Amino acid sequence: MSNSGNSLMRSLPAIDELLRLADGQRLCAAHGREFVTSVLREVAGAAREALSEQGAAALARVDAGALLAAAEQRLQSLTAPSLRPVFNLTGTVLHTNLGRAPLPQAAIDAMTAVAGGASNLEFDLASGTRGDRDSHVEDWICRLTGAEAATVVNNNAAAVLLLLNTLALRREVVVSRGELVEIGGAFRVPDVMARAGAKLVEVGTTNRTHPADFDDAITPRTALLMKVHTSNYAIHGFTAAVPETVLAATARAHDLPFVVDLGSGTLIDLSRYGLPHEPTVAEAIAAGADLVTFSGDKLLGGPQAGIIAGRGTLIRRIKRNPMKRALRVDKLTLAALGAVLRLYAEPARAVRELPTLRLLTRPASEIDAQATRLLPALAAALGDAAAVSIVDCASQIGSGALPVDLLMSRALRIAPRGGRGKVLERLAGAFRQLPVPVVGRIADGALLFDLRCLDDEAGFAAQLAQLRWSAAG
Ligand SMILES: *Cc1c(COP(=O)(O)O)cnc(C)c1O
């Protein structure tokens, strides 16, 4: 390094010196001396780099005041929770990246009740002996689906993996070519099958599969017949699929289990509440499925979980698989799931109290009234830089459920006037910088806020004054 470079480095205050200053003392009182010291070292390291790259131009950024301010900012961001609430105004109700189903108060209360202390998670209070964690939800799953038995794992992908690994290890699983689903990147039926140690036998074609295709594929190596609900796409036109009742009969004739991966699955017939019909777990079981797998946090409206329901003999084998231990759920999930299942005792109550079902069945007129109330505050926050209007839009259910069915909704549409550069991206970014970040979607040269999922209207309106954005950039 040159002499001038060395003298620049000497202008960097020493860490000890920074800690002795009033601001340094204040940070130590709030965060502890060790933590502050480590952050100051990080900040000083960055300053040293800036000096060696930019020389004297960086001097203003490396004095004691600037270093302590940078440290304070870094301390704040390190101590703030990383996972935090956002407003989901994307129009996708079950948004996987935004945490899928919001939980009802009953589930939050149930989790809180057991979170802070010991519980009877695997302890039978009647006998005082070891219990089974599934027992907290199994009876309710059976009541609501007609299944004999059930078990719960981390998510539906885990449910499918565990089922296949238990019943089809080193054997063959027959699936229609029309149902080799990929769900959001990481879950693909053929890949899960391979990881489970089962051999996939594809039958039929993309658009048509017939009963004889299954009959012809069954060999002594066949472990089971499987149907995968094509949750996130639909095949239209010249199509044929084998009904569940026929597949169940074929499986029975060969003494094989018939399993259905329902994906979302629902516990009640949503068409009774103005939503499109999605197959229910009870329907699949009544049609002859020996096992059904489905998600806890899709249309069910509960916590992330995967449920396997069906025949007692098969469920017992699945629970004995050592992989169950690796895929099991914790007490918080079971507490929340139990509370959600109990709401289904009265379906009308489930629709009222489960946020997912309530949001999905929200009338467009109510959303429109909310848009009308919010428009002036939003327009005021944006000033002349953007035009705000109310437009019709279509929400979607999301997470692969009911892929072709859209729900009429209303959105606040923000169209920047003029503006430079990536003005829409910057606008969306400014809304994400709010204390409770707002996530919308960009469409047709505007930022859209679909209000279907806006519960906390007052909270949304109250933070608009803090929006920092200008079209000029
Ligand atoms: C969503 C889905 C899965 C995966 O469920 P997760 O709960 O997200 O793990 C598996 N199969 C089907 C058909 C699905 O729709």
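Every heavy atom of this structure was used, including side-chain atoms; hydrogens, water molecules and symmetry mates were not. None of these values were measured; they are calculated from a predicted model.
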| message | Please determine whether side chain to side chain contact (heavy atoms under 4.5 Å, CB included) holds for the pair I308 and I315, giving the CA-CA distance in whole Å, both sets of side-chain angles, and the decisive distance to 0.1 Å. | response | CA-CA 8 Å; I308 313 176; I315 295 288; 3.9 Å; yes
| request: Go through D261 and T293 one step at a time and tell me if the side chain to side chain donor-acceptor pair (under 3.5 Å) criterion holds. | output: CA-CA 5 Å; D261 173 19; T293 63; 3.0 Å; yes
| task | Could you walk me through whether V329 and L337 pass side chain to side chain contact (heavy atoms under 4.5 Å, CB included), step by step? | result | CA-CA 10 Å; V329 292; L337 184 60; over 6 Å; no
| What's the verdict on side chain to side chain contact (heavy atoms under 4.5 Å, CB included) for I397 and E278, showing C-alpha distance, side-chain angles and the deciding distance? | CA-CA 11 Å; I397 294 170; E278 171 84 7; over 6 Å; no
| message | Quick one, L448 with L412, criterion side chain to side chain contact (heavy atoms under 4.5 Å, CB included). Give me CA distance, side-chain angles, the key distance, then yes/no. | response | CA-CA 6 Å; L448 287 188; L412 287 166; over 6 Å; no
Going by atom type alone, with no hydrogens or angles, which donor-acceptor pairs under 3.5 Å involve a side-chain atom of residues 344-353 and a protein atom two or more places apart or on another chain?
| unit_1 | atom_1 | unit_2 | atom_2 | d |
| --- | --- | --- | --- | --- |
| Y344 | OH | L300 | O | 2.8 |
| R349 | NE | E353 | OE2 | 3.0 |

Which pairs would a plain distance check flag for residues 240-256, meaning a side-chain donor or acceptor within less than 3.5 Å of a matching protein atom at least two apart in sequence or in another chain?
| unit_1 | atom_1 | unit_2 | atom_2 | d |
| --- | --- | --- | --- | --- |
| T250 | OG1 | V246 | O | 2.9 |
| H254 | ND1 | T250 | O | 3.0 |

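The minimum heavy-atom distance linking G301 with P104 is given by the pair O-CD, 4.1 Å. Closest approach of V340 to G302, counting heavy atoms only: CG2-CA, 3.9 Å. Summarising the geometry of L121 relative to H136, their closest heavy-atom pair is O-NE2, 2.9 Å, with the distance given to 0.1 Å. Taking every heavy atom of both residues into account, I285 and G146 meet most closely at CG2-O, 3.9 Å. Between L359 and R452, the closest heavy-atom pair is O-NH1, 2.8 Å. Scanning both residues, H31 and T79, for their nearest heavy atoms gives ND1-CG2, 3.9 Å.
A 4.5 Å side-chain heavy-atom check between D450 and T90 finds every atom pair outside the cut-off. For the pair L454 and L374, the minimum side-chain heavy-atom distance is below 4.5 Å. V173 places none of its side-chain heavy atoms less than 4.5 Å from the side chain of V259. Between D330 and T333 there is a side-chain heavy-atom pair separated by less than 4.5 Å. Side-chain contact between V137 and V152 is present, with heavy atoms from C-beta onward closer than 4.5 Å. For the pair S264/S295, no side-chain contact is recorded, criterion being any heavy-atom separation below 4.5 Å from C-beta on. T209 places a side-chain heavy atom less than 4.5 Å from the side chain of F214. Between E283 and H277, the closest side-chain pair of non-hydrogen atoms falls below 4.5 Å.
Within the structure, the salt bridge (charged side-chain N to carboxylate O under 4.0 Å, His left out) test picks out the following pairs touching residues 134-149 (sequence neighbours left out): D134-K319, D134-K324, E148-R311. Residue pairs satisfying the ring-ring contact (aromatic ring centres under 6.0 Å, His included) criterion with at least one member in residues 423-452, sequence neighbours excluded, are listed as follows: F431-F449. Applying the ring-ring contact (aromatic ring centres under 6.0 Å, His included) rule to pairs touching residues 84-135 yields F87-F460, sequence neighbours excluded. For residues 379-392, every residue pair satisfying the side-chain hydrogen bond (donor to acceptor under 3.5 Å, both in side chains) rule, not counting sequence neighbours, is listed here: D392-R410. Pairs passing the salt bridge (charged side-chain N to carboxylate O under 4.0 Å, His left out) check and including a residue from residues 427-443, sequence neighbours excluded, do not occur. The salt bridge (charged side-chain N to carboxylate O under 4.0 Å, His left out) pairs that include a residue from residues 154-168 number zero, where partners must be two or more places apart or lie in different chains.
With a 6.0 Å radius and a threshold of 12 heavy atoms from other residues, nucleotides or ligands, Q73 has its CD atom at or below the threshold. The 12-atom threshold is exceeded at CZ of R177, counting heavy atoms of other residues, nucleotides or ligands nearer than 6.0 Å.
Partner of L163 under the side-chain contact (heavy atoms from CB on, under 4.5 Å) criterion, chosen from V292, L224, V153, L314: L224. Checked options R133, R325, K331; the residue passing with E122 is R133 (criterion: salt bridge (charged side-chain N to carboxylate O under 4.0 Å, His left out)).
Note that SG of C393 is 7.5 Å distant from CD1 of I367, once rounded to the nearest 0.5 Å. Expressed to the nearest 0.5 Å, how far CG of L262 lies from OG1 of T280 amounts to 8.0 Å. To the nearest 0.5 Å, the span separating CZ on R362 from CE on M408 amounts to 14.5 Å. One finds the OG1 atom of T266 at 11.0 Å from the CG atom of L144 (value rounded to the nearest 0.5 Å). Atom CG of L299 sits about 7.0 Å away from atom CG of L357, to the nearest 0.5 Å. Separating the CG atom in L161 from the CG atom in N154 is a distance of 11.0 Å, to the nearest 0.5 Å.
Checked against side-chain hydrogen bond (donor to acceptor under 3.5 Å, both in side chains), D109 has the following partners two or more places apart in sequence or in another chain: Q105. Listed by chain and number, the residues in a salt bridge (Lys or Arg N to Asp or Glu O under 4.0 Å) with R358 are D455 (sequence neighbours excluded). Residues meeting the side-chain hydrogen bond (donor to acceptor under 3.5 Å, both in side chains) test with Q463, sequence neighbours left out: none. For T166, the side-chain hydrogen bond (donor to acceptor under 3.5 Å, both in side chains) partners are N321, not counting sequence neighbours.
For N156 (side chain) and A159 (main-chain N/O), no donor-acceptor pair under 3.5 Å exists by modelled atom type. The main-chain N or O of V203 is never found under 3.5 Å from a side-chain atom of D213 such that the two would form a donor-acceptor pair. Checking side-chain atoms of D124 against main-chain N and O of G131 turns up no donor-acceptor pair under 3.5 Å. The main-chain N or O of A385 is never found under 3.5 Å from a side-chain atom of R417 such that the two would form a donor-acceptor pair.
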